[in-house]
Structures are given as C-alpha cells and as structure tokens.
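Heads up: the structure comes next, in structure tokens.
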Amino acid sequence: MRNMDEFHVSSVSLPPMLDRTFFDRDVVAVARALIGVTLTVNGAGGIIVETEAYHQKEPAAHSHRGQTLRNAVMFGSPGHAYVYRSYGIHWCLNFVCGPAGTASAVLIRALEPTTGITLMGRRRGVDDLRILCSGPGRLCQALGITRAHNGLALDAPPFALKERQRRPRIVIGPRIGIAKAVELPWRFGLAGSKFLSRAFVHVDE
DNA sequence: CAGTGGATGCTCT
DNA sequence: GAGCATCCACTGT
C-alpha cells in the first residue's frame, strides 16, 4: 500500500505517460526515458536499468539495409515489441520507436529484478539476482520472451509498463557487441545500478 | 579478474 | 557460407 504522499508525488511527477505516444518520438529520447521504468511480462520482470538505441540511418541497426522478414516489425508502428534471435541461442527484446517509418528501436539490455523472481530464477537456472536479468539474452530467458512476442503491442498483456516515480540519474556510453558505429553514445544506464550488463566507462548526465 | 573460444540457428549475400 | 545487438565455461595470471 502506498501512502498519500507517495500517491501525490507520482501523480504530479515528470515522466510521460506510457501510452503509444511515449514511443512515437526519437529513439534516443525513448532509450533515455525508459531508464527507471518497470517492465513485466506475465507478471515477471523489474526496473529497466540499461538500454540502447538503434536507428535505420546508422549501420549497426538491423533496419539499416532495408526491410526484411526478420526486421519487418521495426518498420511498423511504434509501441510494439521487436524480438529476434541472437547467436542462434538467445532472444533479444526491443521496443519499436517513432516517428513511424524511421525503423528505429530500443534494445532492452538489463533489468533490476523486482517481481516474479522465483519464476525467473527457475527459467534461468540461477539464484543470483545480479545475473538474473543483466544482459539482453538473460532478461529474455528470465521473462520467457520468445519469437511468440514479436510484433505484440506493449500496452497490452502479456506486457505491462509502469512509470518511473522519480527522474533517475543516467550514465551514457558506447553500445556493446557491435562492430559498426561504435562511436555513437547511444547506450544508457541507471547510475550506480548493480544490475548493468557491463560497467560504463564514462559517467555523464 | 582478463582473455578466449565454443555453442547454435537463422538471415542475408 | 559468413556473420552475428550473447552467454558461459574454462584457462591463466
């Protein structure tokens, strides 16, 4: 139960509503705004602590070379999940961003686990909270995300997004695991979080 | 700790 | 047939 003060603070605080319009804007702005937002899938999940932005104009994006069967969701409406298989083993979850047609998306790279921890631990085969959802492949395994979630709207079950209560302190750095456009500082993290997939070199914001 | 290499499936050339 | 928006185990300090 929350008390009146907490309710009042959340009702007047800054973060935008997590409706469709939240995703219908520049992907870098969304990647930053998602830090601190709570993501659950069928009730399991936690606080988003690490994201990366990908945009069609830039060569590390799947959409860069045009629309294909795999990346088709990126070319559709903002506010939907783009899920793809990585290295033949893992799934990775992205949120499609706008404006529509920019074929841009935010890769969700790490969560701080908060709900459904027992279930997530069973799916992952680990009980250490720090490695439960710390990495794009790990968090998909923990949340049970597969190809079946590709193209689903983010404002309806099994997805649920909950606004952050306070403006978080953000750290910024280069994206991970890519060979092209490494110079773009399009990775965002929650400052001081123990649940990042990797540490940030530079601390900004 | 840091560094390395294997697993594994699918997309695109 | 190459190349991945990764993770884990294993090596050597």
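Letters A, B, ... mirror the listed sequences (proteins, then strands); counts begin at 1.
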Enumerate, atom names and distances included, each donor-acceptor pair closer than 3.5 Å involving a side-chain atom of residues 185-192 of chain A, sequence neighbours excluded.
unit_1	atom_1	unit_2	atom_2	d
R187(A)	NE	E50(A)	OE2	2.9
R187(A)	NH2	E50(A)	OE2	3.1
R187(A)	NH2	R198(A)	O	2.5

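- Looking at every heavy atom in both residues, A100(A) comes nearest to D24(A) through N-OD1, 3.9 Å.
- Residues in residues 93-124 of chain A take part in these ring pair (Phe, Tyr, Trp, His ring centres under 6.0 Å) pairs, two or more places apart or across chains: F23(A)-F95(A).
- Identified under the side chain to side chain donor-acceptor pair (under 3.5 Å) test for residues 112-126 of chain A, with sequence neighbours left out: R124(A)-Q141(A).
- The side-chain contact (heavy atoms from CB on, under 4.5 Å) check on D26(A) picks up V28(A), A29(A), with sequence neighbours excluded.
- Among the protein residues, R147(A) comes within range of the sugar-phosphate backbone only, with heavy atoms under 4.0 Å from sugar or phosphate atoms but none that close to a base.
- Within residues 89-114 of chain A, the residues that have a heavy atom under 4.0 Å from DNA chain C are, in order of number, H90(A), N94(A), L107(A), R109(A).
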inquiry  = Protein within reach of the bases, or only the backbone? For nucleotides 8-13 of chain C, mark each nucleotide 5' to 3' as B, S or -, using heavy atoms under 4.0 Å.
reply    = S-----
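- Sorted pairs that involve residues 71-83 of chain A and meet salt bridge (Lys or Arg N to Asp or Glu O under 4.0 Å), not counting sequence neighbours, are lacking altogether.
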request  = Run the numbers on V41(A) and H149(A) for side chain to side chain contact (heavy atoms under 4.5 Å, CB included), then give the verdict.
outcome  = CA-CA 10 Å; V41(A) 177; H149(A) 296 84; 4.0 Å; yes
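- A straight line from CD of E50(A) to P of dA5(C) spans 16 Å, rounded to a whole angstrom.
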key: Stepwise side chain to side chain contact (heavy atoms under 4.5 Å, CB included) check, L34(A) with I108(A)   = CA-CA 9 Å; L34(A) 279 170; I108(A) 309 302; 4.2 Å; yes
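- DNA chain C is contacted by Y54(A), A60(A), H62(A) of residues 53-71 of chain A, taking any non-hydrogen atom closer than 4.0 Å.
- Taking the side-chain hydrogen bond (donor to acceptor under 3.5 Å, both in side chains) definition, one finds that S77(A) meets it with nothing, sequence neighbours left out.
- For the P atoms, the distance linking dG3(B) with dA5(C) amounts to 22 Å, nearest Å.
- The interatomic distance linking R85(A) (CZ) with dC10(B) (P) rounds to 6 Å, in whole Å.
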Ignoring hydrogens and angles, write down the donor-acceptor pairs under 3.5 Å from the side chains of residues 56-67 of chain A, residues two or more places apart or on other chains.
unit_1	atom_1	unit_2	atom_2	d
E58(A)	OE1	H55(A)	N	3.0
E58(A)	OE1	R175(A)	NH1	3.3
E58(A)	OE2	A60(A)	N	2.8
E58(A)	OE2	A61(A)	N	3.3
E58(A)	OE2	R175(A)	NH1	3.2
E58(A)	OE2	R175(A)	NH2	2.9
H62(A)	ND1	Y82(A)	OH	2.8
S63(A)	OG	A103(A)	O	2.7
H64(A)	ND1	Q56(A)	O	2.7
H64(A)	ND1	E58(A)	O	3.4

ask   = Given pairs defined as Watson-Crick or G-U wobble with both distances under 3.5 Å, what dot-bracket annotation applies to DNA chain C, with ( ) intrastrand, [ ] crossing, | other strand and . unpaired?
value = ||||.|||||||.
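- For D155(A), the salt bridge (charged side-chain N to carboxylate O under 4.0 Å, His left out) criterion is met by R20(A), not counting sequence neighbours.
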